[in-house]
Amino acid sequence: MTPTHLGPAERLFGAEEVEAAIQRMAVAINSDLEPLTPHRPVLVLCVLNGAMVVTGQILPHLHFPLLLDSVQVSRYGAEIAGGALQWRMHPRENVRGAVVLLLDDILDEGVTLRALQDYCLQEGATAVHTAVMVRKQRPRSVDVLVDYVALDVPDRFVFGYGLDARGLGRNAPGIFALPEDA
Ligand code: IMP
Ligand code: MG
């Protein structure tokens, strides 16, 4: 256990490990998306607030022309099916005709990412690629395909590198898991 602002927590990955994994993810994204440009810049959509850190970390490692924009959504509960999201911020850049790269902090149930994928396609995106910093190892009822994953984590509540636990811990320098009995 490591002491953190949120009390003792298990450090799953240190900052260097997270950054190395994000860089490896950038290499994979580059090899897929670089050939698609320079016809048109890729539209990178950062899913606020959680993906802010991974977005800042990965951008300097992406080697193709891109436009950066953000979206912000929240969901009420696990029972809400894809599409039933509460929007706080829509993209300002044109999604129509764009190759989109959706960047999120975590794939949990997958509802959020699936709804955002559907939204981009409905808005006329040519293609939607999805990347997450961490993927929880758990069964998923939602049919969601993630193209790029930096790290896998156990099915526990995690925070750090943008991920929060009740609003706190986004600045934790690594990926930490709350104690199982928290
Ligand atoms: P999903 O729709 O179930 O995939 O939930 C995705 C959203 O829930 C993420 O974008 C996070 O904001 C939040 N979330 C899910 N699990 C965790 C966690 O372990 N730590 C922090 N946030 C989480
Ligand atoms: Mg989030």
Side-chain angles (χ1 to χ4, degrees), residues 1-15 17-19 21-22 25 29 44-59 68-91 100-122 128-182:
M1 288 290 180
T2 308
T4 74
H5 297 161
L6 289 153
E10 187 182 337
R11 196 177 70 159
L12 301 176
F13 299 101
E17 289 170 287
V18 181
E19 282 172 29
I22 291 171
M25 183 161 80
I29 294 173
V44 176
L45 290 181
C46 167
V47 184
L48 292 174
N49 289 317
M52 203 180 265
V53 178
V54 61
T55 302
Q57 291 285 341
I58 204 168
L59 278 193
L68 174 65
D69 202 353
S70 300
V71 292
Q72 192 168 19
V73 292
S74 64
R75 49 179 285 225
Y76 295 110
E79 76 282 0
I80 295 177
L85 291 177
Q86 190 194 18
W87 280 88
R88 295 197 189 138
M89 190 195 296
H90 282 88
V100 173
L101 174 64
L102 269 172
L103 269 181
D104 207 353
D105 51 2
I106 188 165
L107 180 72
D108 183 22
E109 174 69 21
V111 174
T112 310
L113 208 53
R114 177 58 201 268
L116 289 171
Q117 263 174 352
D118 291 349
Y119 167 85
C120 291
L121 290 170
Q122 278 158 23
V128 184
H129 301 257
T130 50
V132 294
M133 179 175 68
V134 296
R135 171 174 59 190
K136 259 191 216 185
Q137 288 164 321
R138 55 163 290 175
R140 276 181 197 90
S141 53
V142 182
D143 182 21
V144 61
L145 283 178
V146 181
D147 301 301
Y148 312 99
V149 177
L151 294 164
D152 276 295
V153 296
D155 188 7
R156 291 175 57 188
F157 204 84
V158 293
F159 65 92
Y161 257 77
L163 286 158
D164 74 299
R166 283 170 251 107
L168 293 174
R170 292 197 197 273
N171 54 334
I175 309 274
F176 297 81
L178 288 177
E180 305 253 29
D181 52 10

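Just so you know, ligand 1 is whichever comes first in the structure, and atom 1 is the first atom listed for that ligand.
Numbered from 1 in the order shown, with element, the atoms of ligand 1 that lie under 4.0 Å from a heavy atom of Asp104 read 10 (O). Within ligand 1, counting atoms from 1 as listed, the ones closer than 4.0 Å to a heavy atom of Arg156 are 19 (O). Residue-ligand proximity, Val111 to ligand 1, at heavy-atom distances under 4.0 Å covers atoms 1 (P), 2 (O), 4 (O). Within ligand 1, the atoms closer than 4.0 Å to a non-hydrogen atom of Thr112 are 1 (P), 2 (O), 5 (O), 6 (C), numbered from 1 in the order shown.
Taking the six-membered ring for Trp and thresholds of 30 and 60 degrees, Tyr119 and Trp87 have ring planes inclined between 30 and 60 degrees apart.
Atom NE2 of His5 is surrounded by 12 or fewer heavy atoms from other residues, nucleotides or ligands within 6.0 Å.
Under 4.0 Å from ligand 1, the heavy atoms of Asp164 that appear belong solely to its backbone. Here Val47 has no heavy atoms under 4.0 Å from ligand 1, in either its backbone or its side chain. Contact annotation: for Leu163 versus ligand 1, heavy atoms closer than 4.0 Å belong to the side chain alone.
Between Phe157 and ligand 1 there is a heavy-atom distance shorter than 4.0 Å. Using a 4.0 Å heavy-atom cutoff, Gly110 is listed among the residues neighbouring ligand 1.
Ion pairing between a basic and an acidic side chain is recognised when a charged N comes within 4.0 Å of a carboxylate O; Glu109 and Arg138 show such pairing. Using a cut-off of 4.0 Å between Lys/Arg side-chain N and Asp/Glu carboxylate O, Arg156 and Glu10 are scored as salt-bridged.
Of the residues Leu145, Ile106, Val132, the one that meets the side-chain contact (heavy atoms from CB on, under 4.5 Å) test with Leu113 is Val132.
Contact of the Asp155 side chain with the Gln137 side chain is not registered, since no non-hydrogen atoms from C-beta on lie closer than 4.5 Å. Side-chain contact between Leu163 and Arg170 is absent, with no heavy atoms from C-beta onward closer than 4.5 Å.
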